[in-house]
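What follows is one structure encoded as structure tokens, with my remarks underneath.
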Amino acid sequence: MGRPTWDDYFMEIAETVAKRSTCLRRHVGAIIVREKRILATGYNGTLTGLPHCEEIGCIREEKNVPSGQMQELCRGLHGEQNALLFAASNGVDIKNATIYCTHQPCILCAKMIIQAGITRAVFKGEYPDEMAQKLFKEAKVELCQLQ
């Protein structure tokens, strides 16, 4: 086993970050990197100070809502959102950075990633959201899937 590429290295870190997730459906981790330095991390879970879904249950699970639909019912934030919010709340400049996500960002996260000035999004796992892919392409944000 040789030395990992930078993309593989940062994806492994995003996968470790995902282990902190409290979501009952999917564990997602994200890290924002510029010039080979980690600027922010985030994983999906409930808002700070509120009970976790693993403690009180998941409304989307109870209602059998398919993945990628009715996200407004979820009481948590996505990993990408938490990484972006961490950077913003701590004054960390993420313009022209790369975000590494364990899963393809959804349309909501894609909008935020684009608006934040991130220029590259690298993901590993599939997520059912073609609109996000189209939006990244239109905004000229490089979207790369690792195998």
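Quick caveat: nothing in here was measured; it's all calculated off a predicted structure. The figures that follow rest on heavy atoms only: side chains count, while hydrogens, waters and symmetry mates do not.
Distance alone, capped at 3.5 Å, is enough to place a donor-acceptor pair between the Asp93 side chain and the Lys95 backbone. Arg25 places no side-chain N or O within 3.5 Å of a backbone atom of Cys58 that could act as its donor or acceptor partner.
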Derivation and outcome, side-chain contact (heavy atoms from CB on, under 4.5 Å), residues Asp7 and Tyr100: CA-CA 8 Å; Asp7 282 345; Tyr100 290 85; 2.6 Å; yes

Worked verdict on Leu108 versus Gln71 for side-chain contact (heavy atoms from CB on, under 4.5 Å): CA-CA 9 Å; Leu108 297 174; Gln71 296 171 357; 3.1 Å; yes

Audit row: Leu73, Lys63, side-chain contact (heavy atoms from CB on, under 4.5 Å) steps and yes/no: CA-CA 10 Å; Leu73 292 180; Lys63 295 185 180 290; 4.3 Å; yes

Candidate pair Lys111 and Ile107, rule side-chain contact (heavy atoms from CB on, under 4.5 Å), full reasoning: CA-CA 6 Å; Lys111 291 175 187 180; Ile107 188 67; 4.0 Å; yes

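Val122 and Phe10 end up in the same hydrophobic cluster when Ile, Leu, Val, Met, Phe, Trp and Tyr side chains are linked at under 4.5 Å. Linking Ile, Leu, Val, Met, Phe, Trp and Tyr residues whenever their side-chain heavy atoms come within less than 4.5 Å places Ile94 and Val141 in a single cluster. Using a 4.5 Å cut-off between side-chain heavy atoms of Ile, Leu, Val, Met, Phe, Trp and Tyr, with links allowed through other members, Met112 and Ile99 fall into the same hydrophobic cluster.
For the pair Ile32/Ile38, no side-chain contact is recorded, criterion being any heavy-atom separation below 4.5 Å from C-beta on.
Between the side chains of Ser67 and Arg26, a donor-acceptor pair is found at a separation under 3.5 Å. In the model, Ser21 has a side-chain atom that pairs as donor or acceptor with a side-chain atom of Asn44 under 3.5 Å.
Taking both residues in full, the closest heavy atoms of Cys53 and Leu24 are given as O-CD1, 3.6 Å, listed atom of the first, atom of the second, then distance. In terms of heavy atoms, His27 sits closest to Thr102 at O-OG1, 3.8 Å. For the pair Ala18 and Gly29, the tightest heavy-atom approach, listed with the atom from each and the gap, is CB-N, 3.3 Å. Of all heavy-atom pairs between Phe86 and Leu39, the closest is CE2-O, 4.0 Å. The two residues Thr22 and Gly45 come nearest to each other via the heavy atoms OG1-CA, 3.5 Å. Val33 and Ala97 make their closest contact through O-CB, 3.3 Å (heavy atoms, listed as atom of the first residue, atom of the second, distance).
With rounding to the nearest 0.5 angstrom, the CG atom of Leu146 is 4.5 Å from the CE atom of Met11. In this structure, Thr46 OG1 and Arg75 CZ are separated by 6.0 Å, a value rounded to the nearest 0.5 Å. Residue Ile113 holds its CD1 atom at 13.0 Å from CZ of Arg120, rounded to the nearest 0.5 Å. A distance of 9.5 Å separates CZ of Arg34 from OG1 of Thr119, quoted to the nearest 0.5 Å. Put simply, CZ on Phe136 and SG on Cys109 are 8.5 Å apart, with the number rounded to the nearest 0.5 Å. From Ile31, atom CD1 reaches atom CZ of Arg37 across 12.5 Å, with rounding to the nearest 0.5 Å.
More than 12 heavy atoms of other residues, nucleotides or ligands shown are found within 6.0 angstrom of CD on Glu55. Counting non-hydrogen atoms of neighbouring residues, nucleotides and ligands closer than 6.0 angstrom, the CD atom of Glu72 exceeds 12 such neighbours.
Note on Arg3 versus Asp8: no salt bridge recorded, every NZ/NE/NH1/NH2 to OD/OE distance being 4.0 Å or above.
Each of Gln133, Gln145, Glu126 was evaluated against Gln104; a single residue qualifies, Gln133, per the side-chain hydrogen bond (donor to acceptor under 3.5 Å, both in side chains) test.
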Would you list the atom pairs, donor with acceptor, under 3.5 Å between side chains in residues 77-85 and any protein atom, with sequence neighbours excluded?
residue: Gln81; atom: OE1; partner: His78; partner atom: N; Å: 2.9
residue: Asn82; atom: ND2; partner: Tyr43; partner atom: O; Å: 2.8

